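Take a look at the structure below.
Only this structure's heavy atoms are used, side chains among them; waters, hydrogens and symmetry mates stay out. Just so you know, these numbers come straight off a predicted model, no measurement behind them.
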Amino acid sequence: MAEAGWRERRIEVQGRSVFVRMGPDVPGSIPLVHVHGFAVSGSYLLPTARALARRATTLIPDLPGYGRSAAWGHALGIPSLAWALREVLDALGLEKVVLIGNSMGGPVSLEVAHSAPDRVAGIVLASPAGGMHNQPLGRALLQLARDVRRESPRMIPVVLPDYLRFGPLNGLHLFSELVRFPSLERLLRTPVPTLAVLGSRDPLMPPMARVRELGRLAPPHLTVVVIDGAAHAMNYSHPGELAHVIGCWLDGSDITDDPGQPGVARVLPISREDV
């Protein structure tokens, strides 16, 4: 890790090694744990994690079977990954955290929040995947193919080794489970403060009109923000804007756009009248 204060650590989950990137300690803060998407490691989350590292202790684990963590023998499903993430928190001695999940990391974070709400101060869902809009599997694969063309080419050398290591069969199996996962139902019943950040160019997300319609059913502690110009991997392509939005939300202040960063952030107005 080139930046001062960042370090690497290995812990054990069920006797298997799990790799964790850790930013500088920020005493008195609630740690921020960044949760990666399917078939990749946490390396592409580093741009946003670095942008948030001064405000809270920051950690990026490679979930079991991913990246530099030990193989598990088979691809863990989303509930099992949520269990493994809780085991990671236990091994690191983290009693309460904020989870920041991208793509599959969103459903994993939601599962942790539902199963152990006392451990989660809040969750940030950056481009959460899964649910009706991604079904059936063929539709989701087409959405994924469209998104690849919209992402920064600079991300290819970051994630390609992870994809190759994870393997196409494991990737297809897990992506199929992700598509079927009831992300919307989990989101509408989230038991903790939740920030959902969507990209206007993300083909895996439903249209904004549909998001507003569904948002009327959500609890008042759900906030939805759109970053214009962002696709699915906004943690890599728009780290400054995403970190600014997360910082505003953590501070409990109005969420505004950072004019010095690519993309334009706007809170999605949602009327919860007559619900």
Going only through I, L, V, M, F, W and Y residues with side-chain contacts under 4.5 Å, is there a path from Leu204 to Leu110? yes
Atom pair CZ (Arg139) and CG (Leu144), whose distance is rounded to the nearest 0.5 Å: 14.0 Å
Any donor-acceptor pair under 3.5 Å linking the side chain of His114 with the backbone of Arg186? yes
Nearest 0.5 angstrom please: Leu172 CG to Phe166 CZ, how far? 11.0 Å
Nearest-0.5 Å distance, CG of residue Leu45 to CD1 of residue Ile100: 9.5 Å
Tell me whether Arg10 at atom CZ has more than 12 heavy atoms from other residues, nucleotides or ligands lying less than 6.0 Å away. yes
Are Ile30 and Leu250 joined in one hydrophobic group, where the rule is that I, L, V, M, F, W and Y side chains link up if heavy atoms are under 4.5 Å apart? yes
Examine Met155 and Met234 and state if one hydrophobic cluster contains both, with Ile, Leu, Val, Met, Phe, Trp and Tyr joined whenever side-chain heavy atoms are less than 4.5 Å apart. no
Side-chain ion pair, Asp228 and Arg266, N-O less than 4.0 Å: yes
With a 4.0 Å cut-off on N to O distance, would you call Asp202 and Arg150 a salt bridge? no
Once you round to the nearest 0.5 Å, how far does NE2 of His34 lie from OG of Ser109? 10.5 Å
What side-chain hydrogen bond (donor to acceptor under 3.5 Å, both in side chains) pairs are there with at least one residue in residues 76-104, not counting sequence neighbours? Tyr44-Asn102, Arg86-Ser115, Asp90-Arg119, Asn102-Asn235, Ser103-His232
Between Arg165 and Gly67 (side chain of the first, backbone of the second, donor and acceptor by atom type, cut-off under 3.5 Å), is there such a pair? yes
Quick check against the 3.5 Å criterion: does Ser29 have a side-chain atom that pairs as donor or acceptor with the backbone of Val26? yes
Between Ser152 (side chain) and Ser237 (backbone), is there a donor-acceptor pair under 3.5 Å? no
Heavy-atom closest pair (Tyr66 atom, Val40 atom, distance to 0.1 Å) is CD2-O, 3.2 Å
For atom CG of Asp251, is the number of surrounding heavy atoms from other residues, nucleotides or ligands below 6.0 Å larger than 12? yes
Taking the side chain from Glu111 and the backbone from Ile78, do they hold a donor-acceptor pair closer than 3.5 Å? no
d(Leu222 CG, Arg189 CZ) to nearest 0.5 Å is 13.5 Å
For Thr57 and Pro31, indicate whether the former's side chain and the latter's backbone hold a donor-acceptor pair under 3.5 Å. no
Can a salt bridge be assigned to the pair Arg21 and Asp62 using a cut-off of 4.0 Å between side-chain N and carboxylate O? yes
Side chain Ser41, main chain Asp162, donor-acceptor under 3.5 Å: no
Let me check something: do Leu59 and Leu63 share a hydrophobic cluster, defined by ILVMFWY side-chain heavy atoms less than 4.5 Å apart, either directly or through other members? yes
Cluster question for you: counting only ILVMFWY and a side-chain heavy-atom cut-off of under 4.5 Å, with indirect links fine, are Val124 and Val267 together? yes
So if I apply the side-chain contact (heavy atoms from CB on, under 4.5 Å) rule between Leu99 and each of Val112, Thr194, Leu125, which one comes out positive? Val112
Asp147 side-chain N/O to Gln143 backbone N/O, donor-acceptor pair under 3.5 Å: no
Mark yes or no for whether His244, through its side chain, and Thr256, through its backbone, hold a donor-acceptor pair below 3.5 Å. yes
Would you say the side-chain atoms of His238 and Thr48 include a donor-acceptor pair closer than 3.5 Å? no
If you round to the nearest 0.5 Å, how far is CD1 of Ile60 from OG1 of Thr58? 7.5 Å
Sole residue of Leu198, Val197, Val108, Ile123 in side-chain contact (heavy atoms from CB on, under 4.5 Å) with Pro128: Leu198
Just by distance, do the side chain of Ser17 and the backbone of Glu12 share a donor-acceptor pair under 3.5 Å? no
